[in-house]
Amino acid sequence: MGQQGDEEREFDIKWADDAEHKEPSARARMLAARWKENPPGPVPFRGEPEGVGPRRSSWMSTVIVLGSVVGVIVLLGYVNFRAP
């Protein structure tokens with residue numbers, strides 16, 4: 001009996017996959033309706049970010065991180081040295 005149910009389900013999946021027309025998703029229908037009246041303009045694959053300043057070099061970031069770590073170590077050592 002369980003085997004018959006599996007065959008029916010497999011038939012249903014094959015039938016659904018072989019369907020000629022599949023209904024688009026709600027988002028696809030919404031975008032199609034919106035774009036019918038006002039089509040979108042061309043957009044580059046990855047546009048340049050706007051308002052971004054010059055990037056720091058990787059060595060400068062490394063110096064900042066290591067300097068912060070050394071500063072925290074020195075601060076903790078000073079606090080432990082001053083504590084009675």
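Not measured: the values here are computed from a predicted model.
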Considering only distance and modelled atom types, tabulate donor-acceptor pairs under 3.5 Å from the side chains of residues 30-42, sequence neighbours left out.
none

Original post:
Hey, what else clusters with Val70 if you join Ile, Leu, Val, Met, Phe, Trp, Tyr whenever side-chain heavy atoms sit under 4.5 Å?
Top reply: Val74

Subject >> Sole candidate of Val65, Ile64, Leu66 that passes side chain to side chain contact (heavy atoms under 4.5 Å, CB included) when paired with Thr62 >> reply: Leu66

Subject >> Residues forming a salt bridge (Lys or Arg N to Asp or Glu O under 4.0 Å) with Glu23, sequence neighbours excluded >> reply: Arg29

